[in-house]
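Following: one structure in structure tokens, then a few remarks.
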Number of protein chains: 2
Amino acid sequence: MDEPTGLRERKKQRTREAISNAAIALFFEHGFDQVSISRIAQVAEVSRRTLFAYFPAKEDLVLHRIADHETESARIVRDHPGAPLAALRAHFMDGLDRRDPITGLCDVPAAVALYRLIMGTPSLAAGMLRYRGSSEVALAEALRERAPELTARLAAAQIMAVQWRLAEDNQQLIADGTSADDAYPAAVDAARQGFELLSKGLESILGTD
Amino acid sequence: MDEPTGLRERKKQRTREAISNAAIALFFEHGFDQVSISRIAQVAEVSRRTLFAYFPAKEDLVLHRIADHETESARIVRDHPGAPLAALRAHFMDGLDRRDPITGLCDVPAAVALYRLIMGTPSLAAGMLRYRGSSEVALAEALRERAPELTARLAAAQIMAVQWRLAEDNQQLIADGTSADDAYPAAVDAARQGFELLSKGLESILGTD
DNA sequence: GTGCAAAAGTAGACTTAGTGCAATATAGCA
DNA sequence: TGCTATATTGCACTAAGTCTACTTTTGCAC
């Protein structure tokens, strides 16, 4: 599954990474808007036109790095026969333990810089939101096998909303300089409360009627 | 509060609307990407440069029409002394009754066309998501006076997620040709269930542990 | 190895969004 | 009537992204 054709594919992969690496490095140094496509192509030793063959838009040079986890929650639900909410909760908690970037609790410099880059660049932040939308759709799809259509869509919306809120809060803390280890206890508490709200509802806190 | 200075302000307002109207009409007819800024400026009888003085980006020509309700949920919470969730629920239900566009249950042709335009244009849809993010922030702010910081943020995320899911589902139905009156009963049921899930939680449906 | 078809890469012109600047026109007011 | 602030304009400029035609490279058959 690694070399369907061989040399040609491997070379394409290397070119793709060369372009991406050059782009990210330049973005880190000068900022997204201060680096032109031409400059990236020049550093990656590729023509401008070739760059666009690999990445259809400038934003993709950054966002392709995250666009691989969008079906993660859906996969968790599908892979676990038991209660979906419990499985998602356990997976998130495990992610915090492993300092998985997807939980926001990762202070590896490259990840922090990437987060800062994205959040500090409106067009990249917008791409992030689109990606969040895809995650919700995928999760709803997975939940459809466990609950009625409407419930699945509503639940998916709520669940992804909470997971993103938790991850964003963690990332913000880390971006502000807190180490992952220092942030860990509070992150676990927050996650506990987030999933508690999901399962038990908001009634006891915000009332209902 | 209507004429702080007078003529000058009124004229600006008229120019702004002339530009916006020209833009929307052209977009409806040819599609967002098929209409250039120059063409819009020409139809609105304004210079290209002036157009950009009123709308900093092409997307704003469309999105400014929706960008006024982003603090609506927050306002509802602030204006009601009682249980926030009940107030939001009542407001949404009332919105369905009134066929308020914000609930998605509005089949006025112009509103339907606007929805189709936005959803069919990636950059506009992205703007919509940003707007949704602002709503969440505003709601969290309002809830902060009724609940602890973290709870407020998590609850706001869940609530806006559900409201948007409901509104989007309604809009989709209308965009597919269903009349608002025909869609109403199902929309009410969906809203009932959405707010039920918010207040009671997902435990009974998706389990927890 | 040689040659050939397909895929990858290149060059350069073109369209359009958005900005900077300097010049002009106009509303509000003395 | 003239002064000032603000609105408007024209023009040149940068940069993203597309189009087309051309050249190089790769995989493969012989």
Side-chain angles (χ1 to χ4, degrees), chain A residues 2-24 26-27 29-64 117 121-127 130, chain B residues 2-20 22-24 26-27 29-64 117-118 121-127 130:
Chain A
D2 278 352
E3 10 185 11
T5 316
L7 179 58
R8 201 164 221 160
E9 294 303 318
R10 258 177 299 145
K11 193 172 176 187
K12 273 187 78 170
Q13 201 50 44
R14 254 184 293 134
T15 304
R16 190 181 163 81
E17 263 157 39
I19 295 171
S20 173
N21 290 340
I24 302 263
L26 286 167
F27 291 155
E29 192 176 359
H30 306 286
F32 187 78
D33 294 320
Q34 277 61 56
V35 178
S36 74
I37 292 281
S38 299
R39 178 82 182 115
I40 298 166
Q42 183 187 330
V43 170
E45 296 182 286
V46 165
S47 81
R48 223 174 73 87
R49 203 60 189 73
T50 297
L51 187 152
F52 278 116
Y54 283 91
F55 301 94
K58 194 179 178 186
E59 284 75 25
D60 296 319
L61 287 163
V62 177
L63 296 174
H64 79 104
L117 177 66
T121 309
S123 63
L124 291 178
R130 226 179 49 235
Chain B
D2 277 351
E3 11 182 10
T5 317
L7 179 56
R8 202 163 222 161
E9 295 303 318
R10 260 177 297 147
K11 194 172 175 187
K12 273 187 78 170
Q13 201 52 43
R14 255 184 293 135
T15 304
R16 189 181 164 82
E17 264 157 38
I19 295 171
S20 174
I24 301 263
L26 287 168
F27 290 155
E29 192 176 357
H30 302 108
F32 188 78
D33 294 321
Q34 277 61 55
V35 179
S36 73
I37 293 281
S38 299
R39 178 82 183 117
I40 298 166
Q42 182 186 332
V43 171
E45 296 182 286
V46 164
S47 79
R48 223 175 71 89
R49 205 62 189 74
T50 298
L51 188 150
F52 278 116
Y54 283 90
F55 301 94
K58 195 180 178 186
E59 285 74 24
D60 296 320
L61 287 162
V62 177
L63 296 174
H64 79 104
L117 177 65
I118 293 174
T121 309
S123 64
L124 292 177
R130 227 178 48 235

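In what follows, every heavy atom counts, from backbone to side chain, and hydrogens, waters and symmetry copies are set aside. Labels below follow one simple rule: chain letters A, B, ... track the order of the sequence lines, proteins then strands, and each chain is numbered from 1. Please read all numbers here as calculations on a predicted model, not as lab measurements.
- Counted within 6.0 Å of CZ on B:R130, heavy atoms from surrounding residues, nucleotides or ligands total 12 or fewer; the atom is thus considered open.
- Atoms CG and CZ, from A:L26 and A:F32 in turn, are 12.0 Å apart once rounded to the nearest 0.5 Å.
- Note: CZ (A:R16) to C1' (C:dA7) measures 17 Å, nearest angstrom.
- Contact annotation: the side chain of B:F27 never approaches that of B:T121 to less than 4.5 Å [non-hydrogen atoms, C-beta and beyond].
- If you measure from atom CD of B:Q13 to atom P of D:dT6, you get 18 Å, rounded to the nearest angstrom.
- At a non-hydrogen distance threshold of 4.0 Å, B:Y54 from residues 53-63 of chain B come into contact with DNA chain D.
- At a threshold of 4.5 Å between non-hydrogen side-chain atoms, the residues B:Q13 and B:E17 count as touching.
- B:H64 is listed as a side-chain neighbour of B:R16, based on a closest heavy-atom distance under 4.5 Å.
- Checking C:dG9, C:dA17, C:dA8 against the side-chain heavy atoms of A:K12 singles out C:dA8 as nearest.
- The distance from atom CZ of A:R10 to atom C1' of C:dA7 is 17 Å, rounded to the nearest whole Å.
- When distances are taken from the side chain of A:S36 to each of D:dT25, D:dA15, C:dT16, the shortest belongs to D:dA15.
- For A:E45, the side-chain contact (heavy atoms from CB on, under 4.5 Å) test picks out no residue, with sequence neighbours left out.
- Rounded to an integer number of Å, the gap from B:D33 CG to C:dA17 P is 9 Å.
- Under the 4.5 Å side-chain criterion, counting only non-hydrogen atoms from C-beta, B:Y54 is not in contact with B:V46.
- The closest side-chain heavy-atom distance from B:S20 to B:F55 is below 4.5 Å.
- In this structure, the CZ atom of B:F32 is 14 Å from the P atom of C:dT16, given to the nearest Å.
- Applying a 4.0 Å cut-off to non-hydrogen atoms, the residues of residues 38-52 of chain A that approach DNA chain D are A:R48, A:R49, A:F52, listed by residue number.
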